[in-house]
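Letters A, B, ... are given to chains in the order of the sequence lines, protein chains preceding strands, and every chain is numbered from 1. When reading the values below, keep in mind they use all heavy atoms of this one structure, side chains included, and skip hydrogens, waters and symmetry mates.
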Number of protein chains: 2
Amino acid sequence: MKKGEATRARIIDETGRQAAIRGFGAISLGDVAEAVGLSKSGLFKHFDSKEAMELATLDAGFDRFIAFVWADADDLPPGRARLENVFERWLDWTEVENAAGGCLIVAASTELDDQPGPMRDLLQQRVRAWRQRLAGEMKALREPPMSDAEAESVVFQMKSFILGHSELRRLLDDTGARAAARSAFDSLMARTRNP
Amino acid sequence: MKKGEATRARIIDETGRQAAIRGFGAISLGDVAEAVGLSKSGLFKHFDSKEAMELATLDAGFDRFIAFVWADADDLPPGRARLENVFERWLDWTEVENAAGGCLIVAASTELDDQPGPMRDLLQQRVRAWRQRLAGEMKALREPPMSDAEAESVVFQMKSFILGHSELRRLLDDTGARAAARSAFDSLMARTRNP
DNA sequence: ACAAAAAGTGACCGATCGTGCCCTTTCCGG
DNA sequence: CCGGAAAGGGCACGATCGGTCACTTTTTGT
């Protein structure tokens with residue numbers, strides 16, 4: 001009922017935090033349990049296995065990501081304004097909100113991209129859905145709308161700049177990372193919009 | 001002497017392979033030893049600790065990366081031709097040469113970007129050196145040479161497309177990943193070169 | 001060929017891994 | 001307020017973790 005759900009949420013939260021830092025494969029049930037103030041066996045009342053816990057964490061991570069990045073997108077007109085806001089919040093997500101550990105999704109993507117299983121399947125499905133949402137948004141940049149292929153190409157570059165920003169900011173401690181990403185994205189938008 | 005060096009190289013090779021797949025934090029000495037045909041204690045005659053083994057592996061990984069990607073760059077004129085060759089071989093490196101596990105450096109970068117220690121220090125130092133080499137190359141695209149800031153901005157985008165390609169190809173199994181990356185890079189080169 | 005050095009083995013250490021079982025405590029609907 | 005269900009703890013399991021030590025086998029320089 002109520003209590004259980006709250007504990008489950010705390011477990012998921014802590015798992016996400018640790019997995020973003022050390023990777024899903026390197027976290028341990030004991031560490032998560034201790035950080036959350038539970039015994040290892042207490043954890044198993046909420047998840048049947050470590051993998052079930054990881055799956056729930058990854059799924060919740062996507063929900064949190066979309067809720068954060070898309071927060072004020074619904075109030076904005078489709079197209080450029082909305083895309084620029086999403087990009088800006090996406091940068092926030094990487095360097096501010098998730099200050100400790102960076103984006104869980106990016107971490108999981110490079111960790112699990114060659115390990116078959118339900119984790120990778122979930123990752124694929126939700127990343128594809130996110131890219132499709134962005135691609136749909138890209139089409140509003142032009143009238144008549146650009147082709148699917150062109151929209152996907154723009155999404156590719158947008159996501160690329162997010163990944164580049166993440167490396168520059170998080171690994172190389174470059175404070176100019178945000179400016180570099182924004183400038184690259186602005187240039188992309190400028191040469192993509194309706195003439 | 002001779003025999004030891006060969007074994008050490010095999011260990012490093014196998015460690016790199018496994019770390020690219022599962023991450024440095026998730027590999028175990030036992031697995032590496034077994035795969036290489038050694039006992040765990042045999043491993044310790046070549047490395048004093050797991051971390052020393054990981055450091056040697058990461059360092060050697062950079063050497064192999066540069067040797068592969070830069071292979072025919074020295075025979076090419078500086079500037080656009082050389083950069084395009086490097087980019088092409090960089091894509092090769094991700095999707096062909098390192099078919100199993102992808103690029104060790106990319107994997108290590110996202111895994112270790114928030115774990116302080118000698119591994120992250122080494123990563124920073126060598127990634128910075130590589131970016132500086134590329135930035136120097138960028139300057140040959142223009143006469144008079146572009147500013148440091150502008151060169152770094154172009155390097156940022158180049159590296160971003162590499163990361164984007166890696167995700168598209170390895171996580172999303174998108175066979176069009178290479179074309180997307182090449183097209184984005186071509187466009188970048190076109191608007192960067194000497195007018 | 002020989003001795004010293006290097007390479008490699010097997011047993012073992014304490015700690016921790018994910019997990020199952022059984023018990024107690026706490027919560028919540030009737 | 002009560003009874004059943006949910007939440008959580010204690011404990012132990014077999015396996016594996018990184019690492020040490022004493023020992024044997026192989027390699028190498030001379």
### Message
Over all strands shown, is B:S41 touching base, sugar-phosphate only, or nothing at heavy-atom distances under 4.0 angstrom?
### Response
base
Between [atom2] on [N] and [atom1] on [X], what's the gap in Å once rounded to a whole number?
{"X": "B:L43", "N": "C:dG8", "atom1": "CG", "atom2": "P", "answer": "10 Å"}
{"X": "B:F44", "N": "D:dC21", "atom1": "CZ", "atom2": "C1'", "answer": "12 Å"}
{"X": "A:I11", "N": "D:dA7", "atom1": "CD1", "atom2": "P", "answer": "10 Å"}
{"X": "A:L29", "N": "D:dG9", "atom1": "CG", "atom2": "C1'", "answer": "16 Å"}
{"X": "B:D31", "N": "D:dG18", "atom1": "CG", "atom2": "C1'", "answer": "13 Å"}
{"X": "B:E34", "N": "C:dG10", "atom1": "CD", "atom2": "P", "answer": "13 Å"}
{"X": "A:R22", "N": "D:dC17", "atom1": "CZ", "atom2": "C1'", "answer": "13 Å"}
{"X": "B:L38", "N": "D:dT26", "atom1": "CG", "atom2": "C1'", "answer": "13 Å"}

### Message
Can you see whether A:W93 has A:R64 sitting over its ring - NZ or CZ less than 6.0 Å from the centre and within 45° of the normal?
### Response
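No; the conditions do not both hold, so A:R64 does not lie above the ring face of A:W93.
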Would you kindly check whether a donor in the side chain of [X] faces an acceptor in the base of [N], or vice versa, at under 3.5 angstrom?
{"X": "B:S39", "N": "C:dG10", "result": "no"}
{"X": "A:K40", "N": "D:dG9", "result": "no"}
{"X": "A:K45", "N": "D:dG8", "result": "yes"}

#### Entry: Heavy-atom pair of closest approach, residues A:L58 and A:A108
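What the structure gives for the nearest pair is CD1-CB, 4.1 Å.
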### Task
Mind listing the closest non-hydrogen atom pair of B:I21 and A:Q115 along with its distance?
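What the structure gives for the nearest pair is O-OE1, 3.2 Å.
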### Listed nucleotide nearest any side-chain atom of B:S28, set C:dG18, D:dG19, D:dG18
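In terms of side-chain proximity for B:S28, the closest of C:dG18, D:dG19, D:dG18 is D:dG18.
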#### Entry: Proximity to the side chain of B:H46 - top-ranked nucleotide from D:dG18, C:dG18, C:dA7
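Given the options D:dG18, C:dG18, C:dA7, the side chain of B:H46 is closest to C:dA7.
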### Query
Among B:D148, B:T192, B:L83, whose side chain to side chain contact (heavy atoms under 4.5 Å, CB included) with B:M138 holds?
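Of all the options given, the one that passes is B:L83.
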### Query
Closer than 4.0 Å, any side-chain N/O of B:K3 to the OP1 or OP2 of C:dA7?
no
### Message
With no hydrogens and no angle check, just 3.5 Å: does a side-chain donor-acceptor pair link B:S166 and B:T94?
### Response
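No - no donor-acceptor pair under 3.5 Å links their side chains.
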